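Reading through the structure tokens given below for one structure.
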Number of protein chains: 2
Amino acid sequence: MPARTVVPRNVTGTQRKPRNERWSEVLTVATEVIYERGYEAATLQEIADRIGMMKASLYYYFPSKETLFIEVLRQAHDTGLAIVQRAANEPGDPLQRLESVIRQHVEHTCNNLVAAAVCQEGIRRLPEEIRRDIVGGDHAYQEVFRSLIVEAQSAGLVRPGANPRLATLSILGSTNTVYRWFVPRTPDDARLVAVELADLAIRAVATPEVLLRRDPPASSEDPDQQIA
Amino acid sequence: MPARTVVPRNVTGTQRKPRNERWSEVLTVATEVIYERGYEAATLQEIADRIGMMKASLYYYFPSKETLFIEVLRQAHDTGLAIVQRAANEPGDPLQRLESVIRQHVEHTCNNLVAAAVCQEGIRRLPEEIRRDIVGGDHAYQEVFRSLIVEAQSAGLVRPGANPRLATLSILGSTNTVYRWFVPRTPDDARLVAVELADLAIRAVATPEVLLRRDPPASSEDPDQQIA
DNA sequence: CCTACCGATCGGTAGG
DNA sequence: CCTACCGATCGGTAGG
């Protein structure tokens, strides 16, 4: 029996990659597989196949399937949350900031459809304890929207009759389902959808006075102009 | 070896039920299991266990798992669609009908949380061909909302600037995610949520004139009164 | 990162 | 509707 050189290589003969690079690849591919198969039906076998690795080798990178999947969700969630929190702290009155938050939330969703879908559909499937760890004990995401609405209400920009919690859930419902239907055709489709959905959301809660400033009474100015 | 009486009974000794009754039970239990485990992770074993039947016996009622699951989705979808279509054809101007459609859609969702969740999350997992068969080639559900918005726009009740398709998707996004957060506490919570979400949606698209009629300028009438 | 496994469970079938 | 199965596949482990 001739001695065989023992070189680490896989079935397809491709090179071994640095651990960090491979780890990113595993996360990306896992996200895609979860997106296509659904959170519960995604298998390690399919992830391994796409990377060109044996299924058992994946355990070099994480201790269990659940660990990997949680990491996928945590990354998707935290990225979105950071964007929304940053937008909420930019200058402007509370209603302008709310509109900006919605726009950036939607635009980010449109530009990260796979991650958005996985985040929406996966987090609901997590055991309660882990879900709390990811979304935060205080529902950090919702709180960004809700507190802006409360602020805007105090400033007289949002109708006193509006229920901040319900308005938040309505806005998050409409924006968090964008991934289900959005199909990018031109490069600025994402921006257009973001602007339009934010506009609808703001109109739903704004006071009549704010709305009058938004739609000048059809005489003095350019009718196409929209207030930023 | 003593002769044993051959009587059809299962492990738990419970009685055999009429076929129709059992079929309804299978559908109901399947809906619940899909709700709890997710569409892809729901198993025939768990459905059989809850009914108190052997897994193989389920095949007396349907030819494959997919057939059963499709039937679950079709039933959930068609029930909701019927409610919405009926509401769309009641008397009233297009905007009033749109508001009524949204209210009834939301109220039905609140009163059928499990079916709503299964419908929302399951249909997306179906092979394209079967999905088209269930939701209809023309997206019947969306079309109810969209055509009312177009009608209301022609009647001058909805802003000319509103995009009927996007407004529809926004409304369906906010209403179709109600099952994720709604927790009934008092018997009329469903009605309250339905009224409020419909109000937000109508305000988002209505013309300034319609909105003025909705919020009288804080002098002549009872300020708590809402226009139906 | 691979080879070689394992126990558990899946949807489904044959035959009654 | 049950008994008795089957092939396929699942997540995961031992050992290198």
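Being a predicted model, the structure only gives us computed values, none of them experimental. Below, chain A is the first sequence line, B the second, and so on; all start at residue 1.
- Residues satisfying the side chain to side chain donor-acceptor pair (under 3.5 Å) criterion with B/Glu71, sequence neighbours excluded, are absent altogether.
- Note on residues 183-196 of chain B: pairs passing salt bridge (charged side-chain N to carboxylate O under 4.0 Å, His left out), not counting sequence neighbours, are B/Glu107-B/Arg191.
- Using a 4.5 Å heavy-atom cutoff, the side chains of A/Ile34 and A/Glu121 are not in contact.
- For DNA chain C, runs of at least 3 consecutive pairs of the Watson-Crick or G-U wobble type, with both hydrogen-bonding distances under 3.5 angstrom, map to C:1-16 with D:1-16.
- Residue pairs satisfying the salt bridge (charged side-chain N to carboxylate O under 4.0 Å, His left out) criterion with at least one member in residues 33-47 of chain A, sequence neighbours excluded, are listed as follows: A/Glu36-A/Arg50, A/Arg37-A/Glu46, A/Glu40-A/Arg125, A/Glu46-A/Arg50.
- Within the 3.5 Å criterion, the main-chain N or O of A/Arg165 finds no donor-acceptor partner in the side chain of A/Arg146.
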- [ ] Let me have a per-nucleotide readout for nucleotides 10-16 of chain C, 5' to 3', with B, S or -, counting only protein heavy atoms under 4.0 Å.
- [x] SBBB---
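- With 3.5 Å as the limit, one finds no donor-acceptor pair spanning the side chains of B/Thr31 and B/Thr28.
- For the pair B/Phe69 and B/Leu126, the minimum side-chain heavy-atom distance is 4.5 Å or more.
- Partners of B/Asp78 according to the side chain to side chain donor-acceptor pair (under 3.5 Å) rule, which considers only residues two or more places apart in sequence or in another chain, do not exist here.
- D/dC2 atom C1' lies 13 Å from atom OH of B/Tyr60, rounded to whole Å.
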